[in-house]
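Note sheet for the following structure.
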Protein chains: 2
Amino acid sequence: MAKPNAPITEHLAYLLAQANREINRQLELRLSKEGVPVEQWRILKVLSDGNGHSMGELADAVLLNHPTLTKMIDRMVSDTLVYRVQDPNDRRKVLMFISDRGKVLSKKLNTLAVDQEEHILESYGNKSTSELKRLLESLIDSSN
Amino acid sequence: MAKPNAPITEHLAYLLAQANREINRQLELRLSKEGVPVEQWRILKVLSDGNGHSMGELADAVLLNHPTLTKMIDRMVSDTLVYRVQDPNDRRKVLMFISDRGKVLSKKLNTLAVDQEEHILESYGNKSTSELKRLLESLIDSSN
DNA sequence: TTGAAAATATTGAATATTCAAGAATTGAAG
DNA sequence: CTTCAATTCTTGAATATTCAATATTTTCAA
């Protein structure tokens, strides 16, 4: 399996990159209706539980590294989608919260994202989709 | 499936991004032994069939857009890993070829990449891996 | 055959990301 | 208690990516 001369299309790393790129492109296209990059959808979705999340926690959850997240959050604060509060229990930390405006946007974005998943379900099938999700979760687990 | 309030970890787009990030990180780590980014491994691997590949073809194959590829190829030409030849049949095109030095490096990189796949196979299992590959291929197919 | 449209690749400016360093706070050992 | 290491976040410079425009060549219709 995956011999040295195998074509690149047989490598798991490549297949994942290719699938991710394609699905991401489709999602990007939908979210662009609201002028929002995929990462901001992720941020709003995580924060929409209403709890405060530290920057480190957020960075992990939305798959961005710290400095990139800081700068993206700066923009979202300017757009009044989220706001910062210093953590009273540990003042090194900053807790991020979603604003009312952010909640409204988040709902619209979720609709678009769910649309996409339904579109995938139609062309790809219910069974394949849930099986793929299961395998991905287990791959991620086994990598920690 | 994938209701509006479902956590982000249930979205296919997110699971793919997460798995891709993790596997890519591991591969990056191995390839860094040779000081080469993942994209250059892909380029060398595609070119190592010995045929000339146009920039457009390459860009598709290695999942980069045109300007990014052009600039990465510039660096690889400086490192004498690849070289450009104008396509005699269509002079708008540039054909990329791998050099001897590139072939030597490509072999080393393939070893590292195969190592990684074997490592995944061990912790994740043979059956899961091939099933995941099958599903990813089919997802990519159904998206075109 | 000519001229306009399409295809291919590159360039330069604008934008985004990353790396390394810094500032503030906490933890914990002596 | 004090001090030094670790944690958390941000900043600025270096690097990389992207968008829009350009140059070149080909295609194809009139």
Side-chain angles (χ1 to χ4, degrees), chain A residues 17-18 20-22 24-29 31-32 35-43 46-47 51-79 81-97, chain B residues 17-18 20-22 24-29 31-32 35-43 46-47 51-79 81-97:
Chain A
Q18 196 182 2
N20 179 51
R21 187 180 161 88
E22 179 57 28
N24 210 56
R25 201 189 54 74
Q26 290 174 17
L27 181 55
E28 221 163 42
L29 199 66
L31 298 187
S32 72
V36 171
V38 175
E39 289 79 11
Q40 291 198 15
W41 167 63
R42 292 198 198 128
I43 292 170
V46 170
L47 295 186
N51 299 326
H53 294 260
S54 76
M55 291 295 280
E57 201 188 326
L58 245 192
D60 278 356
V62 305
L63 315 176
L64 291 175
N65 37 16
H66 280 217
T68 308
L69 178 63
T70 293
K71 285 156 191 172
M72 183 160 285
I73 288 288
D74 285 346
R75 277 168 249 153
M76 295 176 77
V77 169
S78 298
D79 294 343
L81 296 171
V82 298
Y83 57 94
R84 290 177 163 98
V85 176
Q86 196 176 48
D87 186 337
N89 296 117
D90 183 343
R91 290 182 332 197
R92 289 171 302 184
K93 294 186 184 173
V94 171
L95 297 180
M96 297 305 312
F97 290 90
Chain B
Q18 197 181 2
N20 179 51
R21 186 182 162 87
E22 179 58 27
N24 210 55
R25 200 189 54 75
Q26 290 174 17
L27 182 56
E28 221 162 41
L29 200 66
L31 298 186
S32 72
V36 171
V38 175
E39 289 78 11
Q40 290 197 18
W41 167 62
R42 292 198 197 126
I43 292 170
V46 170
L47 294 187
N51 299 326
H53 294 260
S54 76
M55 291 296 280
E57 202 187 325
L58 246 191
D60 277 355
V62 304
L63 315 175
L64 291 176
N65 37 15
H66 280 220
T68 307
L69 178 63
T70 292
K71 284 155 192 172
M72 182 158 287
I73 288 288
D74 285 347
R75 279 169 248 152
M76 295 176 76
V77 169
S78 298
D79 295 342
L81 296 171
V82 299
Y83 57 93
R84 292 178 162 98
V85 175
Q86 195 176 48
D87 185 337
N89 296 119
D90 183 343
R91 290 182 333 199
R92 288 171 302 182
K93 294 185 184 175
V94 171
L95 297 180
M96 298 305 312
F97 289 90

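All chains are named by letter (A, B, ...) in the order of the sequence lines, taking the proteins before the strands, and each is independently numbered beginning at 1. Quantities reported herein were computed from a predicted structural model and do not represent experimental measurements.
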- Message: Do A/Q26 and A/E22 pair up side chain to side chain, a donor and an acceptor below 3.5 Å, judged on atom types alone?
- Response: yes

Check [X] against [Y] and note the closest heavy-atom contact, atom names and distance.
X: A/R91; Y: A/P88; value: CG-O, 4.4 Å
X: B/K93; Y: B/S54; value: CD-CB, 4.3 Å
X: A/Q40; Y: A/M72; value: CG-SD, 3.9 Å
X: A/L27; Y: A/W41; value: CD2-CZ3, 3.8 Å
X: A/V62; Y: A/R42; value: O-NH1, 3.1 Å
X: A/R84; Y: A/T70; value: NH2-O, 3.7 Å

- Item | Atom-pair distance (CD1 on B/I73; P on C/dT11), nearest Å | 13 Å

- Round to a whole Å and report the spacing from CE of A/M96 to P of D/dC9. 11 Å

- At what distance, to the nearest 0.5 angstrom, does CG of B/L63 lie from CG of B/L69? 11.0 Å

- Item | Reading 5' to 3' through nucleotides 24-29 of chain D, protein heavy-atom contacts under 4.0 Å coded B for base, S for sugar-phosphate only, - for none | BBS---

- Contact state string [nucleotides 10-18 of chain D, B base, S sugar-phosphate only, - no protein heavy atom under 4.0 Å]: BBBB---BB

